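In this text, all values refer to a predicted model and were calculated from it rather than measured experimentally. When a residue number appears, it is its place in the shown sequence, counting from 1.
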Amino acid sequence: MSRLLRQEGMSLLELLVVLVIVSLISTALVQGLGFGLSLYHRIVDSEVERSERLRTEEWFRLTNAGLVAQKDPGESLKGDKKVFHAYSMNPLLLDRSIVLPITWDISEGQLRYKEGEGEFLPMRFVGYTSEFRYRDESGRWHSSWPLSDDSLALPRAIRILAQDGNVTASIRMRRVPNLMLEESRKDRG
């Protein structure tokens, strides 16, 4: 009988060792799976954010590359640090065959685009504030536009400047002659 108990005791000890080893392996697998899922979600989140930023920069460039000067002084583009209004041949929402008024607005940590009745939020600025800056012909940046009330000119570039000074989007305007501006100059003599 003692011999039978020794054999059963040995098998119970072996069973206990096997259970401990299986539980350690299971724990390691679950932790590895958790780490892998965490890493996957961080990558997906950063890609979504990056994609959103690139899409917004492309939309910003597209609409602003098609800005059109107006005949009335000071009406081509009116802007300050938080909002600017202009006329674009490249609207995002409506037909691109006509010049439409557009508005880009930074408020409450969000970048808003307005065109006619349509409006959407292409980007959120999480954790920092941003503002628009306008570049003149000499290359200096300004916080408002136009520089004078009788100006017909568009800025050479518009950018969104983050609070820490890093440029998040810098847009070069098209450099072809603007026929509306030339006609307006002829009308003035």
>> Show the nearest heavy-atom pair for residues S76 and A69, with the distance to one decimal.
In response: OG-CA, 3.3 Å

>> Among residues at least two apart in sequence or on other chains, which ones pass ring pair (Phe, Tyr, Trp, His ring centres under 6.0 Å) with Y87?
In response: none

Tell me, please, which residues at least two apart from [X] pass side chain to side chain donor-acceptor pair (under 3.5 Å).
X    : answer
W59  : none
S143 : none
S107 : R112
S88  : none

>> Working note: R156 + E137, criterion side-chain contact (heavy atoms from CB on, under 4.5 Å); need CA distance, chi angles, decisive distance, verdict.
In response: CA-CA 6 Å; R156 287 188 68 183; E137 288 294 323; 3.4 Å; yes

> Which is it for E131 and I160 under the side-chain contact (heavy atoms from CB on, under 4.5 Å) test, yes or no, and what are the steps along the way?
Replying inline: CA-CA 6 Å; E131 61 187 42; I160 298 173; over 6 Å; no

> According to the salt bridge (Lys or Arg N to Asp or Glu O under 4.0 Å) rule, which pairs have a member within residues 80-92, sequence neighbours left out?
Replying inline: none

Nearest 0.5 Å, please: how far is [atom2] in [Y] from [atom1] in [X]?
X    : Y    : atom1 : atom2 : value
R159 : Y134 : CZ    : OH    : 12.0 Å
N90  : L67  : CG    : CG    : 8.5 Å
I158 : W145 : CD1   : CH2   : 9.0 Å

> Below 4.5 Å, heavy atoms only, C-beta onward: do L92 and Y113 meet side chain to side chain?
Replying inline: yes

> Is there a side-chain contact between N64 and F84 (heavy atoms, below 4.5 Å)?
Replying inline: yes

> Please walk me through it: do K114 and D105 pass side-chain contact (heavy atoms from CB on, under 4.5 Å)?
Replying inline: CA-CA 8 Å; K114 298 175 190 170; D105 178 15; 4.1 Å; yes

>> Checking the side chain of E115 only, and the main-chain atoms of L100 only, is there a donor and an acceptor separated by less than 3.5 Å?
In response: no

>> Let's go through W104 and T63 carefully: what are the C-alpha distance in whole Å and the side-chain angles of both, what is the deciding distance for side-chain hydrogen bond (donor to acceptor under 3.5 Å, both in side chains) to 0.1 Å, and is it a yes or a no?
In response: CA-CA 10 Å; W104 283 97; T63 59; 3.1 Å; yes

>> According to side-chain contact (heavy atoms from CB on, under 4.5 Å), who are the partners of S138, at least two apart in sequence or on a separate chain?
In response: D136, R140

>> Checking E75 now: which residues fulfil side-chain contact (heavy atoms from CB on, under 4.5 Å) with it, not counting sequence neighbours?
In response: Q70, D72, K78

Can you give each donor-acceptor pair under 3.5 Å made by side-chain atoms of residues 22-29, sequence neighbours left out, with the distance rounded to 0.1 Å?
| from | atom 1 | to | atom 2 | distance (Å) |
| --- | --- | --- | --- | --- |
| S23 | OG | L19 | O | 3.3 |
| S23 | OG | V20 | O | 2.8 |
| S26 | OG | V22 | O | 2.9 |
| T27 | OG1 | S23 | O | 2.8 |

>> Under 4.5 Å side-chain heavy-atom separation, chaining through any Ile, Leu, Val, Met, Phe, Trp or Tyr, what else clusters with V83? Say none if it is isolated.
In response: none

